[in-house]
Peer 1: 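Let me give you the structure first, and then I'll get to my questions.
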Amino acid sequence: LLNGGGLNDYEVHTSVPFTVDSQVVAKRLVSTSAANTTGISVTIGEVVTYAIDVTLPEGTTPTLVVTDALPSGLSYVPGSAALDTTGFAGSVVTPTVTGGASDGDDVIFTFPSAVTVTGDNNAANDLFTILLDARVNDTAPNQSGQTRVNSATVNAAGAVLATNNVTVTVVEPDRNLSISVNDATPAFGQTVTYTISSAITGSSTSPAEDVVITATIPSGLTYVNGSVTTPPGWTVDTSTPGQLVFTIGEWTSGNIAPTFQAVVASRPTLSLGDVLTVPVSATWTSLSGVVAGERTGAGGVDDYARSANVP
């Protein structure tokens with residue numbers, strides 16, 4: 001009853017429901033830097049560009065801190081952070097960037113002043129984006145098949161929201177190597193043929209870049225000029241005496257088996273029972289060209305190297 005059922009009941013009550021906008025935050029993968037990987041696959045030294053899309057309610061958000069939780073195996077690229085306000089209706093000041101100094105270190109974006117979103121009831125222009133780059137580190141835990149999961153959180157005036165996860169998968173090139181000879185017990189003065197064999201292994205998940213295969217011809221053997229066979233797409237350098245160097249910029253598919261010939265020396269250079277060992281080595285990299293942070297064949301974690309020999 002109106003007015004508690006009394007006589008003075010000239011009043012009407014009604015209500016209208018409404019929803020107050022809240023902040024929304026989302027994480028996404030924008031791009032990766034290497035041409036030899038696709039999708040969410042990333043190789044050692046590659047740079048991943050992430051976006052954090054922040055949607056705020058119309059009005060003023062007095063304080064805002066966004067934290068990007070980089071996983072172990074990824075590091076922030078200093079100076080790469082950017083604020084994209086394309087289509088944003090409001091006022092936002094470029095944040096201060098801290099953290100991100102080492103592997104897996106969080107990157108923190110602190111907005112120095114309040115963020116204002118224009119009250120026009122248009123949710124489409126309430127969003128701005130933080131962009132940042134992270135490098136896939138040349139560290140022991142980063143091995144082929146490992147996944148690295150990235151996310152972020154937003155603290156808007158004490159209200160904390162977490163983004164979705166964005167996952168990338170580490171991919172790596174792998175090759176094997178061997179060398180054989182058509183006659184392991186040649187006579188003095190005999191011409192022998194060596195075959196270098198190298199193949200893409202079953203564990204390889206990306207192209208090998210800047211591949212170098214080197215065969216060294218020892219004293220007692222003399223390379224037969226012009227005898228080398230070169231796989232399609234490869235080049236060979238024979239300008240250094242006693243050395244053959246095969247190179248290719250990017251090895252994406254197929255196996256190779258280049259050959260060359262050498263003449264066995266005679267007495268007194270050699271004696272019966274002398275062993276002439278021909279070593280061969282191979283190195284490659286994860287990225288094309290000389291790139292900071294790529295994986296190479298230099299040793300240790302940079303294990304893109306193989307060696308073999310034949311007596």
Side-chain angles (χ1 to χ4, degrees), residues 27-52 67-84 95-109 130-150 152 166-175 200 203-214 235 245-252 281-307:
K27 191 73 186 281
R28 56 189 170 91
L29 175 65
V30 177
S31 63
T32 59
S33 64
N36 64 350
T37 62
T38 59
I40 65 170
S41 297
V42 292
T43 196
I44 308 301
E46 187 166 4
V47 174
V48 184
T49 299
Y50 292 106
I52 307 169
T67 302
D68 191 281
L70 286 177
S72 174
L74 298 184
S75 288
Y76 171 64
V77 177
S80 66
L83 181 66
D84 183 1
T96 300
V97 183
T98 57
S102 59
D103 183 291
D105 193 11
D106 291 353
V107 186
I108 303 169
F109 303 89
I130 299 171
L131 298 167
L132 74 155
D133 292 344
R135 178 173 284 107
V136 182
N137 292 326
D138 184 19
T139 53
N142 275 342
Q143 301 293 325
S144 184
Q146 294 293 311
T147 57
R148 298 291 175 253
V149 181
N150 181 226
V166 174
T167 301
V168 294
T169 301
V170 177
V171 293
E172 291 191 88
D174 190 32
R175 303 293 184 267
I200 300 172
S203 62
S204 184
T205 50
S206 66
E209 305 293 333
D210 303 329
V211 186
V212 179
I213 298 177
T214 303
T235 60
V245 181
F246 301 85
T247 58
I248 191 170
E250 183 176 75
W251 183 1
T252 58
S281 63
T283 61
W284 59 91
T285 64
S286 57
L287 295 171
S288 178
V290 179
V291 181
E294 68 178 344
R295 185 160 290 174
T296 68
V301 70
D302 291 300
D303 56 0
Y304 292 170
R306 300 291 180 270
S307 62

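Since this is a predicted model, take the numbers as computed values, not measurements.
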Peer 1: Between R306 and D174 (salt bridge meaning N to carboxylate O under 4.0 Å), is one present in this structure?
Peer 2: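 Yes.
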
Peer 1: Measure across Q143 and A140 and return the closest heavy-atom pair with its distance rounded to 0.1 Å.
Peer 2: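 Taking every non-hydrogen atom into account, NE2-O, 2.8 Å.
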
Peer 1: Within the 4.5 Å heavy-atom criterion, are V149 and V166 side-chain neighbours or not?
Peer 2: no

Peer 1: Which heavy atom in G104 sits nearest to a heavy atom in S75, and how many Å separate them?
Peer 2: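 Smallest interatomic distance, heavy atoms only, reads N-OG, 4.3 Å.
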
Peer 1: Could you check if a side-chain atom of Y76 sits within less than 4.5 angstrom of a side-chain atom of D106, using non-hydrogen atoms only?
Peer 2: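 No, every pair of side-chain atoms sits at 4.5 Å or beyond.
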
Peer 1: Would you say the side-chain atoms of D103 pair up with the backbone N or O of G73, donor to acceptor, closer than 3.5 Å?
Peer 2: yes

Peer 1: Which pair of heavy atoms, one from I52 and one from A152, lies closest together, and at what distance?
Peer 2: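 Minimum heavy-atom separation between I52 and A152: CD1-CB, 3.9 Å.
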
Peer 1: So do R175 and W251 actually touch side chain to side chain, heavy atoms under 4.5 Å?
Peer 2: yes

Peer 1: Please round to the nearest 0.5 Å and tell me the distance separating atom CG of L132 and atom OH of Y50.
Peer 2: 8.5 Å

Peer 1: Can you name the nearest heavy-atom pair linking S206 to T43, along with the distance?
Peer 2: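 Heavy atoms of S206 and T43 come nearest at OG-OG1, 4.1 Å.
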
Peer 1: I'd like to check S281 versus I213 (side-chain heavy atoms, cut-off strictly below 4.5 Å). Are they in contact?
Peer 2: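 No, too far: nothing below the 4.5 Å cut-off.
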
Peer 1: Work out which heavy atom in V30 is nearest to a heavy atom in A51; give both atom names and the distance.
Peer 2: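 Shortest heavy-atom contact: CG2-CB, 3.5 Å.
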
Peer 1: Check the pair V136 / V48 against side chain to side chain contact (heavy atoms under 4.5 Å, CB included), numbers first and verdict last.
Peer 2: CA-CA 8 Å; V136 182; V48 184; 4.2 Å; yes

Peer 1: Give me the atom names and distance for the closest heavy-atom approach of S144 to T205.
Peer 2: OG-OG1, 2.9 Å

Peer 1: Any side-chain heavy-atom pair from V107 and T67 closer than 4.5 angstrom?
Peer 2: no

Peer 1: Return yes if a side-chain donor-acceptor contact under 3.5 Å exists between E250 and N36, otherwise no.
Peer 2: no

Peer 1: Report all side-chain donor-acceptor pairs from residues 286-301 shorter than 3.5 Å, counting only partners two or more places apart or in another chain.
Peer 2:
residue : atom : partner : partner atom : Å
S286    : OG   : I44     : O            : 2.7
S286    : OG   : R295    : N            : 3.0
E294    : OE2  : V291    : N            : 3.4
R295    : NE   : D138    : OD1          : 2.7
R295    : NE   : V301    : O            : 3.4
R295    : NH1  : N142    : O            : 3.0
R295    : NH1  : E172    : OE1          : 2.9
R295    : NH2  : D138    : OD1          : 3.2
R295    : NH2  : T139    : O            : 2.8
R295    : NH2  : N142    : O            : 3.4
T296    : OG1  : A298    : N            : 3.2

Peer 1: Taking atom types as modelled, is there a side-chain donor on T147 or T169 under 3.5 Å from an acceptor on the other?
Peer 2: no

Peer 1: Are any non-hydrogen side-chain atoms of I248 and T235 less than 4.5 angstrom apart?
Peer 2: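 No, every pair of side-chain atoms sits at 4.5 Å or beyond.
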
Peer 1: Would you mind reporting whether T283 and V211 have side-chain heavy atoms less than 4.5 Å apart?
Peer 2: no

Peer 1: Among T38, V168, T37, which residue meets the side chain to side chain contact (heavy atoms under 4.5 Å, CB included) test with T32?
Peer 2: T37

Peer 1: With side chains defined as the heavy atoms from C-beta onward, is the minimum distance between R148 and P141 less than 4.5 Å?
Peer 2: yes

Peer 1: Has E46 got a side-chain atom pairing as donor or acceptor with A34's backbone, closer than 3.5 angstrom?
Peer 2: yes

